[in-house]
Amino acid sequence: MAKFEPIKGGYVYLTVEDIEYRVYYEEAGNGIPLIVGHTAGSDGRQYRHLLNDEEVTSRYRVIAFDLPFHGKSLPPHGDKWWTREYNMTKSRMMAFPNALSEALELDRPVYMGSSMGGHLAIDLASNFNDRYRATISVEGALRSAAEYVEVGMDGIRREFDNPNVSRTSTGAAMMLNISPYSPEENVREIQWEYQCGGPGVFAGDLFYYYYDHNVSPEEAAAIDTNKCMLYFLTGEYDPNTSPADTKEAANLVKGSKFWEMPKLGHFPVTENYTEFRKFLLPILKEIESKST
Amino acid sequence: MHDFAKVLNTATEDFEFSREIRYYSGKLHVAIGDKAWLAEYDDGKLITVGPSTTDPGDAAIWIKGTEERWNDMTAEYPRPFFQSLQSSSAKHGVLLSNTNQLYAYLPALNRLMQIFRQLNREGA
């Protein structure tokens, strides 16, 4: 008998900043909507383990989407996107899950994202707390680590958008973020996903991740967790957003909750979902209890 | 185990490393504390490797770190941010050449570090 997964995929048209995008998303489960956002330069495949987790999908409708230019979401048809440099901005990052939520008529979904998706969880909690019942920031912080930010966009493009260097190296570079305790097959899967990206897209995403996301202490302190609860989860082996960096944010956001995840890195959802879910499930249970 | 020539010679027998170093022609210079090795590749094949007494400025790929840093990088389970050459460089002061070739051959260098760790585990 053939083996099937409960994941269903489809396309939805979203208009963001006057451009119509054909966006691919996958979903599984029923219940409280949970939108999940992928890391820079990758796509929704990162959430395949979560989408297959019955303990989650029995109570949550999990929706994983590919940002345009990522995965199965092609660049926008009818827009001359090739005439300008691809750079992801904060306003556009925030607009996509908002537009997806509207298009799917979701009732105050939960948003969870990792890396640039984790930064986005903070920006959504700060700017759109009326639209989300909670956000979960995985590997998020007020800003990314200075050592990487200081490289500058020119340096970033030299490494990740360089005609002399193949996409294979982008996958290889992800080793810098990954825990040595992660199962080898998961590590290789993360690298594979990074090797599949479109030209210049990973580097362009880093414009948001390193620069356009920059939350001031005052802005963080003003986040109202009574309206939109903010949870933080960060892996011990993430040099881009270390547990200390996340803790700095959590200390400023009154009422937020933070856990450091031992032996996990920058991609905990894919690196080792079995370990990651030990942290995620209690959070989802708490959100569920507050939603009834 | 701090004989980098042995690491490179072992790597020549490794499928993944041999694939990832394909077409490389040039020098690879590695300094571990006060010891250094220079290897030369031609079209992906290791031609020579031996102790180095100079620091060749024309090596497209070079790695430099203290003995302590290399011990951390090549531990079976490195402590946080020693998990790769790049994170060791950003967070712990290991020096890497900033060249296209270093980025292009990062998959080979990552594999080299895995082989180094493996040899340490085996007590070579």
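Residue numbering restarts at 1 for every chain, and letters A, B, ... go by the order of the sequence lines. Keep in mind that what you see is a predicted model, and the values were worked out from it rather than measured.
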Open item on the list: For A:Gln195, which atoms come within 4.5 Å of any heavy atom of chain B: side chain, backbone, both, or neither?
Closed with: neither
Open item on the list: Other residues, nucleotides and ligands only: do more than 12 of their heavy atoms fall within 6.0 Å of CG on A:Asp154?
Closed with: no
Task: Segment of A:Ala173 engaging chain B (4.5 angstrom heavy-atom cut-off) - done: both
Open item on the list: With a 4.5 Å cut-off on side-chain heavy atoms, are B:Leu106 and B:Gln86 touching?
Closed with: yes
TODO: Identify which part of A:Asn240 has an atom lying under 4.5 Å from any heavy atom of chain B, answering side chain, backbone, both or neither.
DONE: neither
- [ ] Name the member of A:Leu176, A:Val165, A:Val151 that forms the most heavy-atom pairs with chain B at distances under 4.5 Å.
- [x] A:Leu176
Task: Proximal component of B:Asn100, with respect to chain A [non-hydrogen, under 4.5 Å] - done: both
TODO: Mark yes or no: A:Lys257 above the aromatic ring of A:Tyr231, with NZ or CZ under 6.0 Å from the six-membered ring centre and no more than 45 degrees from the axis.
DONE: no
TODO: Heavy-atom distances under 4.5 Å only: say whether B:Glu20 touches chain A with side chain, backbone, both or neither.
DONE: side chain
Task: Contact leader toward chain A among B:Pro80, B:Ala108, B:Ala90, B:Ser87, where contacts are heavy-atom pairs under 4.5 Å - done: B:Pro80
TODO: Decide whether a cation-pi geometry holds between B:Lys35 and B:Trp37; the criteria are a distance under 6.0 Å from NZ or CZ to the six-membered ring centre and an angle within 45° of the ring axis.
DONE: no
- [ ] Say whether, by atom type as modelled, one donor and one acceptor occur between the side chain of A:Arg143 and the main chain of A:Val215 under 3.5 angstrom.
- [x] yes
Open item on the list: Any donor-acceptor pair under 3.5 Å linking the side-chain atoms of B:Tyr103 with those of A:Asn164?
Closed with: no
Open item on the list: Taking A:Gly44's backbone N and O only, do any of them form a donor-acceptor pair with A:His70's side chain (distance below 3.5 Å, no angle check)?
Closed with: no
Task: A:Ser166 portion near chain B, given a 4.5 angstrom heavy-atom threshold - done: neither
- [ ] Could you tell me which of A:Glu236, A:Arg158, A:Glu150 has the largest number of non-hydrogen atom pairs under 4.5 Å with chain B?
- [x] A:Arg158
Open item on the list: Taking every non-hydrogen pair under 4.5 Å, which of B:Gln114, B:Arg117, B:Met113 racks up the most with chain A?
Closed with: B:Gln114
Open item on the list: Between A:Ser126 and A:Glu219, do the side chains contain a donor N or O and an acceptor N or O under 3.5 Å apart?
Closed with: yes
- [ ] Examine whether an atom of A:Phe160 lies under 4.5 Å from a heavy atom of chain B, and if so say whether it belongs to the side chain, the backbone or both; otherwise answer neither.
- [x] neither
Open item on the list: Tell me which of these, B:Arg111, B:Arg79, B:Glu76, has more heavy-atom pairs under 4.5 Å with chain A than the rest.
Closed with: B:Arg79
